[in-house]
Amino acid sequence: LTTTNANINTKPFYDLFKRMIDITMSLIGLILIFPIWLLVGLFIKLNDKGPILFKQTRIGLNGIPFTIYKFRTMKINTEKYAHCPTSSNDPRITTVGRWLRKFSLDEIPQLINIIKGEMSLVGPRPEMAFIVDRYESYEKRRLSVMPGITGLWQVSPARNAEIHDNPEYDLLYVEH
């Protein structure tokens, strides 16, 4: 471990407090958002008869794989591990999916990942294994913290590029 990683891993009170906030906010969020969850599920089913949830293996803390949950925004015949769309006009995205992505509502089911202890509210976005396999050594530091629903990259001007094209945002979060 580098000094930076050792410092991150030796903050038990911070980790406990962050985890308590994650669980509390996720439970409150799931309760308050449940009616929206039902509506979104109904709209997805009416628009494109496939499953409501999209499940995919992502790489989390310390390189451990987990199943991420999202509302399905792409057509059912879309390749599961293809690169993410960079444009809202991508033909793989459903009509309802465009709307969900525009307002980031597709991320709501990740509250379940937080409750399960696989994600946090804030942290680097978890990547697909084929992308993590190509990480340079400095990029692997992203795996030293819990992945999150949102982070610096999501609120930066670089948001429209793919996550792995902008490691500096995640590394800034990891270091600070």
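Residues take their numbers from the sequence shown, with the count starting at 1. What you see below is based on every heavy atom in this structure, not just the backbone, and it leaves out hydrogens, waters and symmetry mates.
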**Message:** Quick check: is Trp99 connected to Leu46 through a chain of hydrophobic side chains (ILVMFWY, heavy atoms under 4.5 Å apart)?
**Reply:** no
**Message:** Heavy-atom count check: over 12 atoms from other residues, nucleotides or ligands less than 6.0 Å from Phe130 CZ?
**Reply:** yes
**Working for side-chain contact (heavy atoms from CB on, under 4.5 Å), residues Met25 and Ile114** = CA-CA 10 Å; Met25 298 303 290; Ile114 292 173; over 6 Å; no
**Message:** salt bridge (Lys or Arg N to Asp or Glu O under 4.0 Å) for Glu127 and Arg58? Distances and angles first, verdict last.
**Reply:** CA-CA 5 Å; Glu127 284 277 20; Arg58 297 285 179 98; 5.8 Å; no
**Request:** Give a yes or no on whether the backbone of Leu53 and the side-chain of Lys70 come within a donor-acceptor separation of less than 3.5 Å.
**Result:** no
**Asked** Given the rule that I, L, V, M, F, W and Y join up when any side-chain heavy atoms are under 4.5 Å apart, are Ile28 and Ile23 in one cluster?
**Response** no
**Prompt:** Between Thr73 and Arg101, do the side chains contain an N or O donor and an N or O acceptor separated by less than 3.5 Å?
**Reply:** yes
**Request:** I would like to know whether Val96 and Asp48 meet side-chain contact (heavy atoms from CB on, under 4.5 Å); could you show each step before the answer?
**Result:** CA-CA 9 Å; Val96 171; Asp48 183 18; over 6 Å; no
**Request:** Examine Ile112 and Phe54 and state if one hydrophobic cluster contains both, with Ile, Leu, Val, Met, Phe, Trp and Tyr joined whenever side-chain heavy atoms are less than 4.5 Å apart.
**Result:** no
**Straight-line distance of Ile68 CD1 to Glu118 CD, nearest 0.5 Å** = 9.0 Å
**Minimum heavy-atom distance Asp22-Ser120, with the two atoms named** = OD2-OG, 2.6 Å
**Request:** Would you confirm whether Lys18, through its side chain, and Leu121, through its main-chain N or O, come within 3.5 Å as a donor-acceptor pair?
**Result:** no
**Request:** Output yes when a side-chain donor or acceptor of Arg125 lies under 3.5 Å from a complementary backbone atom of Pro147, and no otherwise.
**Result:** no
**Item:** side chain to side chain donor-acceptor pair (under 3.5 Å), paired with Tyr135, selected from Lys140, Arg142, Arg141
**Value:** Arg142
**Asked** With the 4.5 Å side-chain cut-off for hydrophobic clustering, are Val174 and Met146 part of the same group?
**Response** no
**Fill in**
Minimal heavy-atom distance between Arg72 and Thr94, with the atoms involved, is NH1-CG2, 4.4 Å
**Item:** Short side-chain to backbone donor-acceptor contact, Asp90 and Arg92, under 3.5 Å
**Value:** yes
**Message:** With a sphere of 6.0 Å drawn around NZ of Lys55, does it hold more than 12 non-hydrogen atoms of other residues, nucleotides or ligands?
**Reply:** no
**Pairwise distance CD1(Ile93) to NZ(Lys102) - rounded to 0.5 angstrom** = 13.0 Å
**Fill in**
Minimal heavy-atom distance between Ile44 and Pro51, with the atoms involved, is CG2-O, 3.9 Å
**Prompt:** In terms of heavy-atom contacts, does CZ of Phe43 have more than 12 from other residues, nucleotides or ligands at under 6.0 Å?
**Reply:** no
**Message:** Could you report the tightest heavy-atom contact between Ile36 and Ile108, atom names first, then the distance?
**Reply:** CG2-CD1, 4.4 Å
**Asked** Measuring from Trp37:CH2 to Leu42:CG, what's the distance to the nearest 0.5 Å?
**Response** 15.0 Å
**Request:** Measure the spacing between OG1 of Thr150 and CE of Met119 and express it to the nearest 0.5 Å.
**Result:** 9.5 Å
**Asked** Of the non-hydrogen atoms in Pro124 and Val145, which two are nearest, and what is the gap between them?
**Response** CD-CG2, 3.5 Å
**Asked** Can Phe103 be reached from Leu111 by stepping across I, L, V, M, F, W or Y side chains whose heavy atoms are under 4.5 Å apart?
**Response** yes
**Prompt:** Just by modelled atom types, is the Tyr69 backbone N or O under 3.5 Å from a matching donor or acceptor in the Asn113 side chain?
**Reply:** yes
**Request:** Could you pull out the closest heavy-atom pair between Ala129 and Ile59, with the gap in Å?
**Result:** CA-CG1, 3.7 Å
**Request:** Look up atom NZ in Lys116 and atom OG in Ser26, then write down how far apart they are to the nearest 0.5 Å.
**Result:** 13.0 Å
